[in-house]
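Have a look at the structure below, then the notes.
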Amino acid sequence: MSAALALPALVLLAGCQAISAPPAVTADQALLARGEYLVRIAGCNDCHTPNFPERAGDVPRREWLVGVPLGFVGPWGTTYAANLRLKLASMDEATWMQYSARLRTRPPMPDFNLRAMDAHDRRAIYRFIRALGPAGQAAPAYLPPGRMPPPPYLQLVLPPASPAAP
């Protein structure tokens, strides 16, 4: 009888495996994950990924950050959201770190948000975008004030400046 019980017990034990710990996350993987998180929450995709707001963020990662042909027209002229994948493909990390720490652009880019990030977060964004690889076309060139762009564009009409305090 003990042999009759031993065989089923062996079969059951053979199906059991020790539960192994999940593989450790490397520092590089953690940095890439942080970069993806920052790109998501900082709104980078909102302007730099085609149809991101219209699709409520449901855009495959392979389509992220390739720039948008929508012009933003205002008193500064017309600006376009850059293709960040091409832009960062042309920079090494040290150049990006300097560039992003001093970034000054025309509206509507909130360059102050990028400048306010610490070096670790700016490095994470760089690594994530570089990991996506180059894709897409360069954004249209900036147009100075007074030159209307071809459609599509979004025209921003700003309120008049408030009078200076005495």
Side-chain angles (χ1 to χ4, degrees), residues 17-145 147 149-158:
Q17 297 179 5
I19 298 175
S20 60
V25 175
T26 67
D28 264 357
Q29 290 169 324
L31 199 58
L32 288 174
R34 177 75 178 164
E36 179 177 357
Y37 170 75
L38 289 167
V39 162
R40 283 180 186 272
I41 66 155
C44 303
N45 282 313
D46 295 355
C47 291
H48 295 273
T49 298
N51 302 312
F52 199 82
E54 296 88 344
R55 292 171 60 187
D58 187 21
V59 175
R61 197 180 321 161
R62 70 180 175 276
E63 297 174 22
W64 285 14
L65 309 174
V66 295
V68 177
L70 175 68
F72 293 91
V73 180
W76 60 86
T78 303
T79 52
Y80 295 88
N83 180 330
L84 297 178
R85 291 170 66 169
L86 293 179
K87 186 162 194 72
L88 271 65
S90 70
M91 289 185 194
D92 64 21
E93 190 169 303
T95 302
W96 163 256
M97 294 304 289
Q98 290 178 348
Y99 173 81
S100 60
R102 298 183 190 125
L103 183 64
R104 301 268 183 214
T105 61
R106 294 176 184 93
M109 171 63 190
D111 53 21
F112 47 87
N113 288 338
L114 190 59
R115 287 193 315 270
M117 290 182 186
D118 65 27
H120 178 76
D121 286 347
R122 290 184 291 108
R123 179 172 285 109
I125 289 171
Y126 174 82
R127 297 265 183 98
F128 173 70
I129 295 172
R130 286 289 297 246
L132 291 174
Q137 303 298 316
Y142 161 76
L143 295 174
R147 287 195 49 207
Y153 62 86
L154 175 66
Q155 188 162 10
L156 302 170
V157 180
L158 303 178

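Only this structure's heavy atoms are used, side chains among them; waters, hydrogens and symmetry mates stay out.
Using a 4.5 Å heavy-atom threshold, the side chains of Leu132 and Leu65 count as touching. Contact annotation: the side chain of His120 approaches that of Leu31 to within less than 4.5 Å [non-hydrogen atoms, C-beta and beyond]. Residues Val39 and His48 form no side-chain contact, since every pair of their non-hydrogen atoms from C-beta on lies 4.5 Å or further apart. Between Tyr99 and Leu88, the closest side-chain pair of non-hydrogen atoms is not below 4.5 Å.
In terms of heavy atoms, Met91 sits closest to Arg130 at O-NH1, 2.5 Å. Asp46 and Phe52 get closest at one heavy-atom pair: OD1-CD2, 3.6 Å. Nearest heavy atom pair, residue Leu154 against residue Leu70, reads N-CD1, 3.8 Å. Shortest non-hydrogen contact noted between Pro149 and Tyr80 is CB-OH, 3.3 Å. The heavy-atom pair separating Leu156 from Pro75 by the smallest distance is O-CD, 4.3 Å. Here the shortest heavy-atom pairing between Leu86 and Pro134 reads CD2-CB, 3.9 Å.
Put simply, the side chain of Asn83 gets close to the backbone of Ala135: a donor and an acceptor are under 3.5 Å apart. Looking at Arg115, its side chain never comes within 3.5 Å of a backbone N or O of Arg104 through a donor-acceptor pair. Looking at Thr78, its side chain never comes within 3.5 Å of a backbone N or O of Tyr142 through a donor-acceptor pair. With hydrogens and angles disregarded, a donor-acceptor distance shorter than 3.5 Å links the side chain of Arg85 to the backbone of Trp64. With hydrogens and angles disregarded, a donor-acceptor distance shorter than 3.5 Å links the side chain of Asp92 to the backbone of Thr95. No donor-acceptor pair under 3.5 Å is formed between the side chain of Arg127 and the backbone N or O of Leu32. Here the side chain of Glu63 pairs no donor or acceptor atom with the backbone of Pro60 at under 3.5 angstrom.
Note that the CG atom of Leu38 and the CG atom of Asp121 stand 4.5 Å from one another [nearest 0.5 Å]. Note that the CG atom of Asn45 and the CZ atom of Arg55 stand 11.5 Å from one another [nearest 0.5 Å]. The line from CE of Met109 to CG of Leu114 is 5.5 Å long, rounded to the nearest 0.5 Å. Rounding to the nearest 0.5 angstrom, the gap separating the OG atom in Ser100 from the CD1 atom in Ile125 is 8.0 Å.
Relative ring orientation between Trp96 and Tyr126 is described as parallel, the plane-to-plane angle staying below 30° on a 0-90° scale split at 30° and 60°.
Side-chain N/O atoms of Arg106 and Thr79 include no donor and acceptor closer than 3.5 Å.
Heavy atoms of other residues, nucleotides or ligands lying less than 6.0 angstrom from CD of Glu54 number more than 12.
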